[in-house]
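Below you'll find the structure, written out as structure tokens, and then a few comments.
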Amino acid sequence: MNELLDIHPEVAAALAAGRPVVALESTIISHGMPWPQNVETALRVEAAVREHGAVPATVAVMGGRLQAGLTPEAIERLGRQGLAVPKASRRDLPFLLAEGVGPAMGATTVAATMIVAALAGIRVFATGGIGGVHRGAEASFDISADLQELARTSVAVVCAGAKAILDLPLTLQYLETHGVPVIGFGTDALPAFYSRSSGLKVDRRLDTPEAVARVLHAKWRAGLQGGVVVAQPIAAEHALPPERMDACIQQALQEAQQQGVAGAATTPFLLARVSELTGGDSLAANIELVLANARLAARVAAALCTLSALPR
Ligand code: PSU
Ligand code: MN
């Protein structure tokens with residue numbers, strides 16, 4: 001067990017017994033949604049994981065230590081403090097951990113959540129959208145650390161694809177170059193978060209949690225380290241029209257450029273502006289897709305536990 005990692009007792013018990021566990025990120029709580037919907041959603045997501053037979057492990061940095069599994073009080077603090085909680089991706093973790101016991105909190109991104117999940121022995125993680133290659137990356141070099149983490153860390157990320165604030169063709173190309181399988185759950189097309197399709201093809205369509213679990217099991221049994229993207233489209237009744245989203249995204253990108261927003265601030269800026277420009281609609285859609293991903297992740301985690309328990 002890692003000396004810098006605290007595993008919630010319920011999570012530790014499930015892992016020791018070979019029962020399914022689903023990791024959840026906390027940047028979505030502190031930076032991705034406004035209070036109080038962020039806390040309400042995080043608790044509903046945990047409940048959805050439980051309803052589908054797995055134990056939730058929301059990941060964050062608390063008291064200068066990595067946490068796999070949070071109390072409802074800790075989730076409340078992450079949500080109430082919002083943007084005051086530093087965003088923690090791979091490069092930020094050493095600074096937060098070096099502060100040691102104390103107030104040091106961090107809201108873990110997809111990359112940092114994967115790192116903590118892998119340390120804890122959790123193989124399946126649910127979120128909304130992954131980071132990716134930003135538009136204009138050929139000049140800015142802005143490529144989310146999430147993609148490099150997917151290349152190296154063996155955790156499956158169940159998501160609704162990535163937002164069209166990113167360059168989605170380049171994001172898929174980067175994943176291909178780094179050998180990260182991209183599965184479409186019930187779809188041949190990469191979902192674009194609020195919209196069901198980006199028009200780009202995934203590597204393989206799979207239609208059941210068992211089929212997804214078989215691919216994960218085969219990959220890791222073969223010693224092929226690294227993550228897998230499991231992309232599930234938002235339900236049709238919650239999807240937003242791509243033309244409407246494109247207009248908001250264009251405006252947000254333009255404002256980011258005018259205001260000189262760069263680096264780690266880029267994603268939170270674009271997410272916040274797009275959600276302001278769409279009014280409450282994008283928040284409602286976001287909540288629904290995260291809940292759906294939590295349900296699917298729990299079923300994939302359960303199927304993976306069944307396979308892992310079979311004799312070799
Ligand atoms: N995309 C979303 N919602 C989010 C994020 C991305 O639709 O909340 C967050 C995730 O935590 C993701 C992070 O890991 O933003 C990526 O940030 P960056 O591009 O700075 O790596
Ligand atoms: Mn970035």
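Quick note: numbers below take in every heavy atom, side chains included, and nothing from hydrogens, waters or symmetry partners.
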Task: F193 and M245: CA distance, side-chain angles, deciding distance, side chain to side chain contact (heavy atoms under 4.5 Å, CB included) verdict - done: CA-CA 10 Å; F193 202 85; M245 296 314 303; over 6 Å; no

Task: Check against side chain to side chain contact (heavy atoms under 4.5 Å, CB included), R295 and Q232 - done: CA-CA 11 Å; R295 294 190 288 265; Q232 167 170 248; over 6 Å; no

Task: Derivation of the side-chain hydrogen bond (donor to acceptor under 3.5 Å, both in side chains) call for T267 and H134 - done: CA-CA 9 Å; T267 297; H134 281 264; 3.2 Å; yes

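By the 4.0 Å N-to-carboxylate-O rule, E76 lies close enough to R80 to be salt-bridged with it.
Listed by chain and residue number, nothing satisfies the salt bridge (charged side-chain N to carboxylate O under 4.0 Å, His left out) test with E176 (two or more places apart in sequence, or in another chain).
Looking at M105 and L78, their side chains come closer than 4.5 Å, going by heavy atoms from C-beta outward.
Residue A57 comes nearest to A68 through the heavy atom pair CB-C, 4.2 Å, listed as atom of the first residue, atom of the second, then distance.
Checked by atom type, the side-chain pair S282/S275 shows no donor-acceptor distance below 3.5 Å. Side-chain atoms of E149 and T153 form a donor-acceptor pair, as typed in the model, at a separation below 3.5 Å. When only modelled atom types and interatomic distance are considered, Q254 and Q250 share no side-chain donor-acceptor pair under 3.5 Å.
More than 12 heavy atoms of other residues, nucleotides or ligands shown are found within 6.0 angstrom of CZ on R50. Counting heavy-atom neighbours within 6.0 Å of Q259 CD, excluding the residue itself, gives a total above 12. The local environment of CD in Q257 is sparse, with at most 12 non-hydrogen atoms from other residues, nucleotides or ligands closer than 6.0 Å. Residue-environment remark: CZ (R244) exceeds the threshold of 12 foreign heavy atoms within 6.0 Å.
Each of I122, L4, N2, V59 was scored for a side chain to side chain contact (heavy atoms under 4.5 Å, CB included) with V116, with one residue passing: V59. Among the candidates D6, T108, T58, the single residue satisfying the side chain to side chain donor-acceptor pair (under 3.5 Å) test with Q67 is D6.
The backbone N or O of L190 sits less than 3.5 Å from a side-chain atom of S198, completing a donor-acceptor pair.
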